[in-house]
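All values below were derived from every heavy atom in this structure, side-chain atoms included, with hydrogens, water molecules and symmetry-related copies excluded.
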Amino acid sequence: MSRSNIEDADFKKDDVNQACNTSPGNQDDSRSNALCDLSTSCGTKIQSSSGALPCTLEYPGIYDFKVELSETSSSRRSWVYSSKLGKVFVDINKILLFQIKLNTNCISNLRVRALLVYTSPDHNHLPVNRCMLHAFERDPNYLAHIQNNVCNCSISLAGHVLTSNHSEAAYEYNAASGRHSVSVPLEQPQVGSESILIGYQFGCKTSCEGGMSRRPVSLVFTLENEQDEVLGRSVMLVKVCRCPKRDKDREESDNSSINPECNNDRLRGIKRKFEDSQDDDLESESFDSPTPDSPYYGFLSLFNKIEKMSELMRQSVETQKKQIEDANRSTDEIMSAIEELTCKITDSSDQATNE
């Protein structure tokens, strides 16, 4: 649903929403459910949250929908959050726990949809899908998307960058937009807790060529009902990388360099080069990878391969040339030695004959 439609619908439901939010604590569940159902029923056409241009604006809604990172993750080395950037850095294929918070217990028919969206306006209309390398690992025969506008990812999840460890997670595909998303039904919080925990993991790095290709992405959570109406929205910047702490420090440093008071850019550059030289990760922030939608993407990729092959051939030719030069030099030395020895033998023979 577009933002204008949401505002119109919210305006029409103000009285009912107020009744839901200000109802007495001893009000029975049936009346509360009726009010909630009435508040979400409207005659306007509902636009899919995974459509061509998903909305990325924060929208708490009537349930004060919030999504926060859980501090109970098993290993903090697998992810780190930057409060300065409002961004989470997470390692590939590592579980990241999120806390879902609502101001109501009326959640029997609610679910949370998670969707990755490019943050740049230039790429916002493109779906975030897996790169061919990681998709091939799950689907070597390319059966998941063998037909146009048809996704058979329910078993292999070949096209889904984002997956969940929830047992009832539903993986969906929007044929109109080509977007993959994962939907998880909400359950009652456990005793002593006010939030619902859901784990997610990412099957591609932000730097994967043919996938995200270093384009910044946001993780969009939408609270939806059975009619797919968006009741709340929460957005978080995400970067999937091998070294979360290193990339966090680097981006914060780059962000701070905009401040005129930071005059140690040269020192940071030297430190960065040292860290890169010590890092075995193939990922390089200084490499400006072309995007798949660029008309030069295929040519540049082919050119890079040809350039690498040419360099290897050049090195091989130089090595062979050096070996030939060494062999010729050795041959010349041997021939000179033979000629000198022959001259000495001839001289000795002449002297013996004269005597």
Report task. Would you check if Tyr59 and Leu57 make a side-chain contact, meaning some heavy-atom pair closer than 4.5 Å? Result -> no

*If you draw a 6.0 Å radius around CD in Glu318, do more than 12 non-hydrogen atoms from other residues or ligands fall strictly inside?*
yes

**Item:** Cationic N near anionic O, under 4.0 Å, Glu251 to Lys239
**Value:** yes

Between the NZ atom in Lys87 and the OG atom in Ser82, the distance rounded to the nearest 0.5 Å is 9.0 Å

The reported gap from CD1 in Ile95 to CG in Asn165 (rounded to nearest 0.5 angstrom) is 4.5 Å

Answer yes or no: is there an ion pair linking Lys101 with Glu68, defined by an N-O contact shorter than 4.0 Å?
yes

query: Mind checking whether Leu53 and Asn124 have side chains closer than 4.5 Å, heavy atoms only?
result: yes

query = Less than 4.0 Å between a side-chain N and a carboxylate O, is that true for Lys322 and Asp326?
reply = no

The single option from Glu226, Gln227, Glu224 that satisfies side-chain contact (heavy atoms from CB on, under 4.5 Å) with Asn109 is Glu226

(request) Verify, without hydrogens or angle tests, whether Gln99 (side chain) and Ile196 (backbone) share a donor-acceptor contact under 3.5 angstrom. (result) no

Give a yes or no on whether Val128 and Ile92 share a hydrophobic cluster (residues Ile, Leu, Val, Met, Phe, Trp, Tyr; joining criterion: side-chain heavy atoms under 4.5 Å apart).
-> yes

Next item on the list: Report the C-alpha separation of Lys245 and Asp249 in whole Å, then their side-chain angles, then the decisive distance to 0.1 Å, and conclude whether the salt bridge (charged side-chain N to carboxylate O under 4.0 Å, His left out) test is met.
Entry: CA-CA 6 Å; Lys245 186 179 184 303; Asp249 295 340; 3.1 Å; yes

Q) Side chains of Arg113 and Ser181: do they bring a donor and an acceptor to under 3.5 Å? A) yes

CG of Asn129 to SG of Cys208, rounded to nearest 0.5 Å, is 12.5 Å

request  = Show your reasoning for whether side-chain contact (heavy atoms from CB on, under 4.5 Å) applies to Ile100 and Leu223.
outcome  = CA-CA 10 Å; Ile100 311 298; Leu223 179 67; 5.8 Å; no

Group every Ile, Leu, Val, Met, Phe, Trp and Tyr by side-chain heavy-atom contacts under 4.5 Å, then state whether Leu126 and Val117 land in the same group. no

* Counting heavy atoms not belonging to Gln315, are there more than 12 under 6.0 Å from its CD? -> yes

For Lys248 and Val80 the tightest heavy-atom approach is CD-CG2, 3.4 Å

**Prompt:** Will you find, in the side chains of Ser50 and Glu172, an N or O donor that is under 3.5 Å from an N or O acceptor?
**Reply:** no

To the nearest 0.5 Å, atom OG1 of Thr119 lies from atom CG of Asp122 at 10.0 Å

**Asked** Do the side chains of Arg242 and Asp247 get nearer than 4.5 Å, heavy atoms only?
**Response** no

Report task. Verify the cluster assignment for Leu110 and Ile62: are they in a single hydrophobic cluster under the rule of side-chain heavy atoms below 4.5 Å apart? Result -> yes

Requested in this report: With the side chain counted from C-beta on, respond yes when Phe98 and Leu69 share a heavy-atom pair under 4.5 Å apart, and no when they do not.
Outcome: yes

Is there side-chain contact between Pro216 and Tyr118, with heavy atoms separated by less than 4.5 Å?
-> no

Heavy atoms, side chains only, cut-off 4.5 Å: are Asp228 and Ser48 in contact? no

Check: Any chain of hydrophobic side-chain contacts (each under 4.5 Å) joining Val220 to Leu231?
Finding: no

Test item: Thr222 and Leu115 side chains (from C-beta on) under 4.5 Å apart, heavy atoms | no

One should read off an interatomic distance between Lys205 NZ and Ser213 OG, to the nearest 0.5 angstrom, of 12.0 Å

Heavy-atom closest pair (Asn93 atom, Gln201 atom, distance to 0.1 Å) is O-OE1, 3.6 Å

- Task: Under the salt bridge (charged side-chain N to carboxylate O under 4.0 Å, His left out) rule, what do Asp332 and Arg329 come out as? Steps first, then yes or no, please.
- Result: CA-CA 5 Å; Asp332 292 339; Arg329 189 180 301 110; over 6 Å; no

message: Quick check: is Trp79 connected to Ile198 through a chain of hydrophobic side chains (ILVMFWY, heavy atoms under 4.5 Å apart)?
response: yes

Rounded to the nearest 0.5 Å, the NZ atom of Lys84 sits from the OG atom of Ser253 at a distance of 8.5 Å

N/O donor-acceptor pair under 3.5 Å between Ser316 side chain and Leu312 backbone
no

ring-ring contact (aromatic ring centres under 6.0 Å, His included) pairs touching residues 174-195, sequence neighbours excluded, are His145-His180, His160-His180, Tyr173-His180

Checklist entry - Please walk me through it: do Tyr200 and Val182 pass side-chain contact (heavy atoms from CB on, under 4.5 Å)? => result CA-CA 10 Å; Tyr200 296 93; Val182 53; 3.9 Å; yes

Heavy-atom check, side chain of Glu194 versus side chain of Pro189, under 4.5 Å = no

What one should report as the nearest heavy-atom pair of His134 and Cys204 is ND1-SG, 3.4 Å

### Task
Would you sort out whether Ser120 and Arg215 count as a side-chain contact (heavy atoms from CB on, under 4.5 Å), showing the intermediate values?
CA-CA 8 Å; Ser120 170; Arg215 291 171 289 186; over 6 Å; no

Quiz prompt | Verdict with supporting geometry, Val238 and Phe89, side-chain contact (heavy atoms from CB on, under 4.5 Å) | solution = CA-CA 6 Å; Val238 176; Phe89 298 79; over 6 Å; no

